[in-house]
There are 2 protein chains.
Amino acid sequence: MNGLTIHEAAPITGWSPRMLRYIERVGLVEPARTAAGYRLYGPEQLQRLRTLRELLAQHGFGLAELGFALRLRDEPELRAAVDQWLDAVPERPAEVSPDDWLRWEQEKHQALLAAVNLREMEIA
Amino acid sequence: MNGLTIHEAAPITGWSPRMLRYIERVGLVEPARTAAGYRLYGPEQLQRLRTLRELLAQHGFGLAELGFALRLRDEPELRAAVDQWLDAVPERPAEVSPDDWLRWEQEKHQALLAAVNLREMEIA
DNA sequence: CCAACCTTACCAAAAGATTGTCAAGGTTGG
DNA sequence: CCAACCTTGACAATCTTTTGGTAAGGTTGG
């Protein structure tokens with residue numbers, strides 16, 4: 001039996017047994033298992049669980065956010081989509097010429113009508 | 001008046017005025033302002049708001065998660081802390097020698113006692 | 001074999017995120 | 001100046017996430 005059971009690991013790490021299972025389901029800190037399926041927390045896992053407490057406490061975020069950060073590094077497609085959206089047009093809207101703005105103003109009413117049409121299409 | 005007001009931008013983007021303010025508070029899509037403080041949505045913001053709809057719908061996550069991804073790129077300290085935690089010991093716990101495991105087993109009882117002491121210190 | 005563990009799977013309370021609505025007040029175009 | 005916008009802020013309904021508990025059943029050490 002090379003590791004601590006969930007009820008032994010709980011008081012050491014500061015998490016409840018319930019939360020240790022939850023943390024595992026989110027994908028952070030996955031302990032080894034015995035042949036029968038019992039969780040076994042080794043030194044690495046215990047250390048990780050302790051630092052996890054500090055990490056969440058010091059910067060103000062939760063398990064969901066950290067789980068999302070994990071997804072971002074595990075799923076390249078997701079990472080790419082998010083990065084692409086975040087990278088888009090962060091610059092000042094100053095490079096638009098007066099002509100463009102004029103055209104924009106003229107198309108404003110048109111755009112509103114288009115939106116109404118879109119709404120109707122969604123309803124139908 | 002180079003841009004759409006919040007009630008004009010709403011039907012075009014598919015978000016409600018309330019949500020446009022919420023999206024701004026999360027840090028995604030911040031429109032320009034008039035001297036009096038009125039929000040002005042330009043072509044970039046409108047495009048961003050439309051793609052935001054798709055992004056959230058296609059991959060299953062919400063504004064909070066995307067807001068956290070934004071924080072990760074805006075706050076280097078946060079990024080470093082999260083990366084450091086996620087990078088830690090992802091390898092199999094197979095490199096531990098039997099001697100180490102023996103020592104670990106012997107220290108197990110000791111660790112539990114230490115945990116109890118810690119608990120008492122927190123209470124006091 | 002039995003007491004004391006462990007497992008998964010639910011139900012539900014507490015907390016947080018999302019969304020609407022309303023109130024009090026400032027801005028603007030005619 | 002007035003109607004029709006806009007602003008921020010607060011309260012609240014709703015939905016999801018977080019957390020605890022409990023039930024039904026398998027595992028283990030003595």
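Because the structure is a prediction, the values reported are computed rather than measured. Numbers restart at 1 for each chain; the letters A, B, ... are given by sequence-line order, proteins then strands.
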Of all the choices, D:dG20, D:dC6, D:dT17, which nucleotide is nearest to the side chain of B:I6 once you look at every atom?
D:dC6

Evaluate whether atom CD of B:Q84 has more than 12 neighbouring non-hydrogen atoms of other residues, nucleotides or ligands under 6.0 angstrom away.
no

Comparing B:G37 with A:A36, nearest DNA chain D nucleotide closer to 5' gives the residue B:G37

Between A:R33 and A:E65, name the one whose nearest nucleotide on DNA chain C is closer to the 5' end.
A:R33

Here the distance between atom P of C:dA17 and atom CG of B:L66, to the nearest Å, is 15 Å

When rounded to the nearest 0.5 Å, the distance separating CZ of A:R39 from CZ of A:R33 is 4.0 Å

Give a yes/no on whether any side-chain N or O of B:R18 is located under 4.0 angstrom from OP1 or OP2 of C:dT21.
no

Short side-chain to backbone donor-acceptor contact, B:E75 and B:L72, under 3.5 Å
no

Does B:Q47 use its side chain to pair, donor to acceptor, with the backbone of B:E44 at less than 3.5 Å?
no

From CG of B:L40 across to C1' of C:dT28 the rounded distance in Å is 13 Å

Whole angstrom is fine here: how far is it from CZ in A:R25 over to C1' in C:dT8?
11 Å

Base C:dG20 paired with B:Y22 side chain (donor-acceptor, <3.5 Å)
no

Roughly, in whole Å, what's the span from CG in B:L63 to P in C:dT18?
5 Å

Below 4.0 Å: OP1/OP2 of D:dT19 and any side-chain N or O of A:S16
no

A:W85 (side chain) donor-acceptor with B:R48 (main chain) under 3.5 angstrom:
yes

Which whole-number value in Å describes the distance from A:M19 CE to D:dG20 C1'?
10 Å

Look only at the side chain of A:E8 and the backbone of A:T5, and say whether a donor-acceptor pair between them is shorter than 3.5 Å.
yes

To the nearest angstrom, the CZ-C1' distance between B:F61 and D:dT16 comes to 16 Å

Measure from OH on A:Y38 to P on D:dG29 and round the result to the nearest Å.
9 Å

Using a cut-off of less than 4.0 Å, is there contact between a side-chain N or O of A:R39 and OP1 or OP2 of C:dT7?
yes

Which whole-number value in Å describes the distance from B:L20 CG to C:dT18 C1'?
14 Å

Anything below 3.5 Å on both distances counts as a pair; with that, list the stems of at least three consecutive Watson-Crick or G-U pairs involving DNA chain C.
C:1-30 with D:1-30

Listed pairs under 3.5 Å, donor-acceptor, residues 57-67 of chain A side chains, sequence neighbours left out:
residue : atom : partner : partner atom : Å
A:H59   : ND1  : A:L55   : O            : 3.4
A:E65   : OE1  : A:G62   : N            : 3.1

Between D:dC6 and B:H7, is there an OP1 or OP2 to side-chain N/O distance shorter than 4.0 Å?
yes

